Amino acid sequence: MKTESAISIQSKIESLLFLHGEPISVARLSKALSASEAEIEVGLEDLAQRYVLPESGLTLIRNGKNAELATRAENAPDVEAMLVSDREETLGKATMETLSVVAYRGPVSRASIDAIRGVNSSFALRSLLLRGLIDRRPNPFDAREFEYTPSFRLFELLGIGSNGELPEYATLSRDPRLAAREEHSDATDADVPEEDVPEDARTEE
Amino acid sequence: MKTESAISIQSKIESLLFLHGEPISVARLSKALSASEAEIEVGLEDLAQRYVLPESGLTLIRNGKNAELATRAENAPDVEAMLVSDREETLGKATMETLSVVAYRGPVSRASIDAIRGVNSSFALRSLLLRGLIDRRPNPFDAREFEYTPSFRLFELLGIGSNGELPEYATLSRDPRLAAREEHSDATDADVPEEDVPEDARTEE
Amino acid sequence: MPYHVRIRQFEGPLELLLTLIEGRKLDITQVSLAEVADQYLERLASERESISLSNLSEFLVIAARLILIKSKMLLPVLQFTDEEEESMEDLEIRLIEYKRFKDAAEAIGKMLLNRKRSFPREKFLGAPETFSPPKGLSTDVLRRHFLSVLGDMPVKEALIEEVIEEVVSLEERILTLQASLRKRAEYGFRELIANAEDRMDVIVSFLAVLELVKQRFVVVSQGNAFGDIRIATSAVESDRKKES
């Protein structure tokens with residue numbers, strides 16, 4: 001098809017490398033894009049050529065039969081500065097609330113965290129993982145799902161041995177309002193009672 | 001230094017967006033790169049232009065004062081094969097209506113959404129928040145209220161670069177009463193209170 | 001008790017109105033609004049039980065506007081206040097706007113189904129994880145944030161209670177009216193609303209009368225265009241009384 005072929009193989013390779021944080025082999029790219037390894041090699045060449053232009057911020061790293069996307073070497077100072085500043089930054093309300101839910105409720109699934117907070121928590125969880133404040137592991141009962149726990153280093157920092165030592169843990173971790181929220185999260189549009197009062201109703205007063 | 005200035009701001013912006021992954025504000029880019037927000041805007045524009053070329057595998061998504069790098073929407077079939085697919089369940093009628101109001105009118109309060117739909121939209125909003133299709137933040141003019149905006153995730157799923165690419169954006173993004181009022185009043189009474197300018201002024205003459 | 005299955009094609013008053021107008025293949029105008037007014041009131045009366053409390057007041061407000069529009073069509077000589085005129089036109093604007101969003105929702109739905117979509121990159125993908133807690137983190141800070149999450153939980157609040165009051169008042173009004181009519185055979189609508197505190201009060205009374213007409217408890221008549229609406233116990237009801 002005309003429109004299909006207008007998007008070059010170079011473009012598709014770039015999309016795949018962009019999403020993948022690690023090197024990908026030429027063989028794997030060839031399989032994923034149903035193209036010969038020779039075609040992939042040409043695509044990678046073209047990509048590398050394009051990245052040489054001064055307006056590009058990316059670079060292609062080749063290591064034998066593997067390829068990986070990275071930031072342009074000349075931009076390293078800016079990149080480093082951003083990594084450092086991000087880690088020194090204070091955590092926002094959303095991230096702190098997510099941390100508190102993991103601390104009091106961990107091990108806890110993302111779906112439960114979302115339901116308890118009433119909003120999607122994926123950005124907050126990613127930040128907390130990067131900062132080593134929480135850990136992620138596959139749910140032993142459902143391999144498709146992860147569960148989140150506070151990290152040991154977090155406990156060390158807080159000077160406690162387990163989350164049971166958090167203030168008012170027994171009451172707060174079993175607050176009945178939590179269960180009510182989690183129940184509602186798997187209801188679909190159709191079967192939720194209309195009288196259901198949403199969490200943000202109070203803002204309307 | 002010659003070599004330093006040869007690397008355009010566009011290149012640095014691309015490096016930072018690539019590294020950061022998640023949406024980043026123009027203000028933060030401006031601070032990180034010691035450039036004015038206007039310069040950043042120009043750089044983002046240039047970047048978006050470059051991504052239009054068929055050999056590019058990336059795209060720039062804009063949402064208000066934030067920007068994010070993502071894969072080219074047309075490459076989805078190739079990219080999906082390599083990802084753990086997060087199959088979306090279909091959304092109900094009420095949820096879709098609410099989503100469309102937020103997409104075109106965001107930032108928008110719950111009261112305004114309810115007024116447009118003629119029904120209470122809180123459950124639909126909660127469902128959209130949990131799915132990460134919309135975001136909420138306190139209303140800058142009234143902290144007791146939230147305002148809702150479309151999320152980057154929504155634009156990613158729709159395969160568009162900004163809300164301007166939504167169908168019939170120009171018509172739907174504007175309140176018809178405001179449009180009527182502006183039409184009927186000249187520049188001098190632009191800031192009279194709403195009650196003073198009836199929308200049917202013309203028919204009353 | 002048999003299962004009570006809720007089957008409703010519409011969620012809110014605007015959707016109901018639009019369904020009625022489109023069902024007759026009409027454009028959205030004052031005339032078409034007047035044409036579907038009766039149907040709207042019938043549906044409202046017959047499906048009131050399945051309408052949630054939080055939405056009922058909006059159904060009633062729109063019912064009141066439809067009654068205004070209908071009376072304007074039927075009695076062109078009637079004078080309306082600017083506010084009333086505006087509220088009639090506003091309903092038309094709102095309905096057109098609602099229809100646009102309903103169509104947009106469908107368009108967006110289709111877009112979500114096609115395979116064209118972008119994927120973002122994870123934050124700092126590939127960057128090493130380093131332990132970097134925020135300054136001042138303590139167990140008490142965590143406790144406070146957890147409490148704030150708990151505080152976001154649903155609270156039954158005033159808004160809903162107000163609506164309940166409105167509904168209760170509609171029900172009460174019907175009972176009061178029935179009781180009064182048992183004592184006296186006929187009432188004037190003006191008499192009925194003499195003590196009305198506000199517009200909503202008048203609307204509630206009017207709806208109460210409509211409800212009673214529907215239940216065949218009363219019959220209403222109007223002598224001339226500006227005459228008072230006379231409300232009288234219906235023949236059916238008088239017979240019922242005699243029998244008992």
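On a predicted model such as this, the values are computed, not experimentally measured, just so you know. In the text below, chain A, chain B and the rest are named by the order of the sequence lines, each starting its count at 1.
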Just how far is it from atom NZ of C:Lys116 to atom CG of B:Asn75, taken to the nearest 0.5 Å? 11.0 Å
Who wins among B:Val119, B:Leu154, B:Leu58, B:Leu166 for the most heavy-atom pairs under 4.5 Å with chain C? B:Val119
Rounded to the nearest 0.5 angstrom, the OG-CZ distance for C:Ser118 and B:Arg153 is 12.5 Å
What residues of residues 19-34 of chain B make heavy-atom contacts with chain C at a cutoff under 4.5 angstrom? B:Leu19, B:His20, B:Gly21, B:Glu22
Less than 4.5 Å apart, side chain to side chain, heavy atoms only: is that true for C:Arg121 and B:Glu68? no
Atom CD of residue position B:Glu168 - does it have more than 12 heavy atoms of other residues, nucleotides or ligands inside 6.0 Å? no
Rounded to the nearest 0.5 Å, how far does CZ of C:Phe119 lie from CG of B:Leu157? 8.0 Å
Is it the backbone or the side chain of B:Phe152 that comes under 4.5 Å from a heavy atom of chain C, or both, or neither? neither
With side chain to side chain contact (heavy atoms under 4.5 Å, CB included) as the criterion, how do B:Asp114 and C:Glu58 come out once you've worked through the C-alpha distance, each side chain's angles and the decisive distance to 0.1 Å? CA-CA 10 Å; B:Asp114 287 354; C:Glu58 190 62 20; over 6 Å; no
Using a strict threshold of under 4.0 Å (side-chain N to carboxylate O), is an ion pair present between B:Glu80 and C:Arg115? yes
Side chain from CB out, backbone as N, CA, C, O: work out which of these in B:Ile160 comes under 4.5 Å of a heavy atom of chain C, or both, or neither. side chain
Proximity of residues 95-110 of chain C to chain B, residues having a non-hydrogen atom under 4.5 angstrom: C:Glu97, C:Tyr98, C:Arg100, C:Phe101, C:Lys102, C:Ala104, C:Ala105, C:Ala107, C:Ile108, C:Gly109
Would you call C:Glu11 and B:Arg117 a salt bridge, using N to O less than 4.0 angstrom? yes
Of all heavy-atom pairs linking C:Pro13 and B:Gly118, the shortest is CD-O, 3.1 Å
Examine distances only and state if a side-chain atom of C:Arg94 and a backbone atom of B:Ala115 form a donor-acceptor pair shorter than 3.5 Å. yes
Quick one: list whatever passes side chain to side chain donor-acceptor pair (under 3.5 Å) with B:Thr171, sequence neighbours left out. none
C:Tyr40: partners by side chain to side chain donor-acceptor pair (under 3.5 Å), with sequence neighbours left out: none
Distance col, row C:Leu14:CG vs B:Ile116:CD1, nearest 0.5 angstrom, shows 10.5 Å
Region of B:Leu17 in contact with chain C, defined by heavy-atom distances below 4.5 Å: neither
At a heavy-atom separation under 4.5 Å, does B:Leu158 approach chain C through its side chain, its backbone, both, or neither? both
State whether the number of non-hydrogen atoms from other residues, nucleotides or ligands found under 6.0 Å of B:Glu165 atom CD is greater than 12. yes
Which atoms of B:Pro77 approach chain C - backbone, side chain, both or neither, heavy atom under 4.5 Å: both
